[in-house]
Amino acid sequence: MSQKEKPIIYQVLTRLFTNYCETPVVGGTIEQNGSGKLNDINFAILKSIKDLGASHIWYTGVIEHAHDADYTAYGIPRHNPHVVKGKAGSPYAITDYYDIDPDLAVDVPKRIAEFEALVKRTHQAGLKVIIDFVPNHVGREYHSDAKTVGIEDLGQGDNREMFFAPNNNFYYITRQQFSPGVDLGSGDDAYVEFPAKASGDDCFNAFPNANNWYDTVKLNYGVDYGDGSTHFDPVPDTWFKMLHILRYWASKGVDGFRCDMVHMVPLEFWHWAIPQVKASYPGIVFIAEIYDVGLYRPFIDYGGFDYLYDKVNLYDTLRAIETQNHSAARLTSCWQTVEGIAPNMLNFLENHDEQRFASPFYAGDPRRVLPSLVMSSMMSTGPMMIYFGQELGEPGTDAEGYSGHDGRTTIFDYWSVATVRRWLNGGDCKGHLTKAEKELRALYARVLNLAHKDPAIVSGSFFDLMYVNLDNPGLNPHRHFAFLRHEGDETLLIVVNFGDSDDCVRVNIPVHAFDCLELPEGTDPSARELLTGATAARMLSSRMPFEVQVGAHGAAIWQLSSARIKDFSMKMEQGSRKADSKKTPAKKQSKKSK
């Protein structure tokens, strides 16, 4: 069955999103810089995100994680700052899988209730909720004080004299103290771990450096990294604990999990766990962060994931076209690589790990985004993801503290993002955006709403036109890319231009496209260009190119109707017959001979 809407996911770094501090201090504490709160994500904000074209919102970093703030007054242990990255800490150094991070709460003892209210509010706004599931590692000082009765803490029953044991939750570097290449303090302030635990980035020694994930501990799913053997029968203890955590958050009403670094967890676990969660919560979706194209199909077919990041395929290709002079024609290999699983691919141009599109490290100008945005959102029926502030042209030029000037928005610091702050304007979304920011956001809204609802994009067929245009003098395969999307009566001819000049592109459409998509050839008298709203009579023909005006760093999306083409052809044919009948002289009556 064809889907009715294409998922559009709007990701927010929750701690930063509604932080209205106007003068954040580099490397500042929560007292100096503040933190966004769940309660501040009000209905007006959610409606604004919905109007942008979003169907889901991913609340990144809501689970309790390592941070420098002091919540001991509420019974939450203080984390040692020497194993916290930045003042705010990494959202992926989880310290309690069953709790909401207190930084995000207005009333700390009611932080779970505040999250539940946000879920309800989000649903009322017509959006679905996604949160992180971080299965591969936890924060160095993991301890759950919010876990349900009868659940043992991770590591509670471990045999610490063994590097590996099937039912241990962690890996231990026996008889060796944790000694990373970072300062662990001294005296009462020191962080001491004996025996050392393996770090989350598969560093199986006690000596990670500053570039390692030294703030995290690797979880044991039954793989002995000493000899490579696997121990999945009987089911390891970690599997049961992770399944319980997934069910716990599903019971809170979340609609999906974005699962961190899934390829660092055995595929067998996902095959075992995902169906069990879906059995109780059939509508829930699982999204995989994954960086190995060779694992795409196994993680869908066997692992059970609904969607996978297509980072190393489409994202990397689009970035190379924009920054490394790669040719647009190489995009053909992207759909070929994922042929058959394209509906499972989640595309994006930004997220919390990647550099901002408008940053000096990437495009340097948000106005160049349209061809990449159209390709990401319209090439397939799979989901599209936007990172908060992307639609405003946020350049990621702040050096916030632990996170330096790297083109990214920090995940480690207490901070406030100026473009987002001006848009939200304290929560009424009637902010002080510049003319350019308003125009960019309106452009994103047009593209994303089309991608979200247009039938040809949501569930239609895709036809790559490049193979008949590589030698076409009217199309430059280095800078131009053209394709068709078709569903029912509607055909979209989409052309993007990565070049610096306004171009008239002449696109050849092969007979095979008409046969494959069952398209009629002929003229649509009222074809429409969907980005500008312009209408004109346009011909779909295998005998002459389709001429398209495309601006520099632009795109054109021409919508044509098979019904209008057939109707127009019929009228033209009828008109031609009438004209022919008028031109034919009447026969003269013969005279009889006398």
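None of these values were measured; they are calculated from a predicted model.
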Next on the checklist: For Gln324, I'd like to know if atom CD has over 12 heavy atoms of other residues, nucleotides or ligands within 6.0 Å.
Outcome noted: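 Correct, the count exceeds 12.
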
Next on the checklist: How about NZ on Lys311, more than 12 heavy atoms from neighbouring residues, nucleotides or ligands closer than 6.0 Å, or not?
Outcome noted: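 Buried by this count: over 12 neighbours within 6.0 Å.
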
Next on the checklist: Checking Glu394 now: which residues fulfil salt bridge (charged side-chain N to carboxylate O under 4.0 Å, His left out) with it, not counting sequence neighbours?
Outcome noted: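 Partners of Glu394 under the salt bridge (charged side-chain N to carboxylate O under 4.0 Å, His left out) test: none.
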
Next on the checklist: Using the salt bridge (charged side-chain N to carboxylate O under 4.0 Å, His left out) criterion, which residues pair with Asp260? Sequence neighbours excluded.
Outcome noted: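 Scan of Asp260 (salt bridge (charged side-chain N to carboxylate O under 4.0 Å, His left out), adjacent residues dropped) gives Arg258.
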
Item to check | Pair Phe481-Ile321, side chain to side chain contact (heavy atoms under 4.5 Å, CB included): steps then yes or no | outcome: CA-CA 11 Å; Phe481 194 90; Ile321 292 168; over 6 Å; no

Could you pull out all donor-acceptor pairs under 3.5 Å where a side-chain atom in residues 59-67 meets a protein atom, sequence neighbours excluded?
residue	atom	partner	partner atom	Å
Tyr59	OH	Thr122	OG1	2.8
Thr60	OG1	Gln11	NE2	3.0
Thr60	OG1	Val12	O	3.2
Thr60	OG1	Trp58	NE1	3.2
Glu64	OE2	Thr95	OG1	3.4
His65	ND1	Ile63	O	3.1
His65	ND1	Asp101	OD1	3.3
His65	NE2	Arg15	NH2	3.1
His67	ND1	His65	O	2.9
His67	ND1	Asp101	OD1	3.2

Next on the checklist: Checking Asn42 now: which residues fulfil side-chain hydrogen bond (donor to acceptor under 3.5 Å, both in side chains) with it, not counting sequence neighbours?
Outcome noted: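 Asn42: no side-chain hydrogen bond (donor to acceptor under 3.5 Å, both in side chains) contacts found.
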
Next on the checklist: Using the rule given for side-chain hydrogen bond (donor to acceptor under 3.5 Å, both in side chains), can you reason through Asp464 versus Thr332, listing the C-alpha separation, both sets of side-chain angles and the distance that settles it, and then say yes or no?
Outcome noted: CA-CA 7 Å; Asp464 187 342; Thr332 292; 2.6 Å; yes

Would you find a donor on one side and an acceptor on the other, under 3.5 Å apart, between the side chain of [X] and the backbone of [Y]?
{"X": "Glu114", "Y": "Ile100", "value": "no"}
{"X": "Lys50", "Y": "Gly126", "value": "yes"}
{"X": "Glu289", "Y": "Cys259", "value": "no"}
{"X": "Asp428", "Y": "Lys430", "value": "yes"}
{"X": "Glu439", "Y": "Ala436", "value": "no"}
{"X": "Asn497", "Y": "Gly554", "value": "no"}
{"X": "Asp255", "Y": "Val129", "value": "yes"}
{"X": "Ser333", "Y": "Arg330", "value": "yes"}
{"X": "His452", "Y": "Lys6", "value": "yes"}
{"X": "Asp502", "Y": "Ala552", "value": "yes"}

Less than 6.0 Å separating the ring centroids of [X] and [Y]?
{"X": "Phe361", "Y": "His405", "answer": "yes"}
{"X": "Trp249", "Y": "Tyr281", "answer": "no"}
{"X": "Tyr248", "Y": "Tyr98", "answer": "yes"}

To the nearest 0.5 angstrom, please state how far the [atom1] atom of [X] sits from the [atom2] atom of [Y].
{"X": "Ile45", "Y": "Thr18", "atom1": "CD1", "atom2": "OG1", "result": "6.5 Å"}
{"X": "Leu308", "Y": "Ile287", "atom1": "CG", "atom2": "CD1", "result": "10.0 Å"}
{"X": "Ile386", "Y": "Ile49", "atom1": "CD1", "atom2": "CD1", "result": "12.0 Å"}
{"X": "Ile245", "Y": "Ser144", "atom1": "CD1", "atom2": "OG", "result": "8.0 Å"}

Checklist entry - Does any pair with a residue in residues 32-43 pass salt bridge (Lys or Arg N to Asp or Glu O under 4.0 Å), and if so which ones, sequence neighbours excluded? => result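 Sorted result for residues 32-43: empty, none.
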
Checklist entry - Tyr92 and Asp132: side-chain donor and acceptor closer than 3.5 Å? => result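 Checked: Tyr92/Asp132 side chains pair up, N/O donor to acceptor below 3.5 Å.
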
Checklist entry - Between Asn344 and Tyr296, does any side-chain donor sit less than 3.5 Å from a side-chain acceptor? => result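 The answer is no; no qualifying pair exists.
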
Checklist entry - Could you walk me through whether Val417 and Phe388 pass the side chain to side chain contact (heavy atoms under 4.5 Å, CB included) check? => result CA-CA 10 Å; Val417 182; Phe388 79 118; 4.1 Å; yes

Between [Y] and [X], is the closest basic N to carboxylate O distance under 4.0 Å?
{"X": "Asp413", "Y": "Lys87", "result": "no"}
{"X": "Asp365", "Y": "Arg367", "result": "yes"}
{"X": "Arg319", "Y": "Glu354", "result": "no"}

So [Y] and [X], do their side chains get closer than 4.5 Å, heavy atoms only?
{"X": "Gln559", "Y": "Leu492", "answer": "yes"}
{"X": "Gln390", "Y": "Pro366", "answer": "no"}
{"X": "Val182", "Y": "Val83", "answer": "no"}

Checklist entry - Do Phe357 and Arg368 pass the side chain to side chain contact (heavy atoms under 4.5 Å, CB included) test, and can you show the C-alpha distance, the side-chain angles, and the key distance before you say yes or no? => result CA-CA 9 Å; Phe357 182 89; Arg368 299 170 66 100; 4.2 Å; yes

Item to check | Worked verdict on Tyr10 versus Glu391 for side-chain hydrogen bond (donor to acceptor under 3.5 Å, both in side chains) | outcome: CA-CA 10 Å; Tyr10 191 88; Glu391 75 281 16; 2.7 Å; yes

Item to check | Candidate pair Arg297 and Asp301, rule side chain to side chain contact (heavy atoms under 4.5 Å, CB included), full reasoning | outcome: CA-CA 6 Å; Arg297 283 170 173 81; Asp301 297 337; 4.0 Å; yes

Checklist entry - Between Phe483 and Phe462, how do the two ring planes meet: parallel, tilted or perpendicular, split at 30° and 60°? => result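 Phe483 vs Phe462 ring planes: tilted.
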
Checklist entry - Between Trp270 and Phe133, how do the two ring planes meet: parallel, tilted or perpendicular, split at 30° and 60°? => result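 Trp270 vs Phe133 ring planes: perpendicular.
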
Checklist entry - Considering residues at least two apart in sequence or located in another chain, which fulfil the side chain to side chain contact (heavy atoms under 4.5 Å, CB included) criterion with Asp306? => result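 Asp306 satisfies side chain to side chain contact (heavy atoms under 4.5 Å, CB included) with Lys278, Val285, Phe286 once adjacent residues are dropped.
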
Next on the checklist: As a test of understanding, state which of Thr409, Leu349, Thr397 forms a side-chain contact (heavy atoms from CB on, under 4.5 Å) with Arg356.
Outcome noted: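 Passing option: Thr409.
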
Item to check | side-chain hydrogen bond (donor to acceptor under 3.5 Å, both in side chains) between His553 and Asp500, worked out | outcome: CA-CA 6 Å; His553 308 290; Asp500 295 329; 2.7 Å; yes

Item to check | Reference residue Glu116; test side-chain hydrogen bond (donor to acceptor under 3.5 Å, both in side chains); the match among Lys110, Lys252, Arg111 | outcome: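 Answer after filtering Lys110, Lys252, Arg111: Lys252.
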
Item to check | ring-ring contact (aromatic ring centres under 6.0 Å, His included) partner of Tyr402, chosen from Phe412, Trp415, Tyr414 | outcome: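 The passing option is Phe412.
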
Checklist entry - Under the side-chain hydrogen bond (donor to acceptor under 3.5 Å, both in side chains) criterion, do His478 and Asn325 qualify, and how do the steps go? => result CA-CA 8 Å; His478 180 56; Asn325 208 32; 3.1 Å; yes

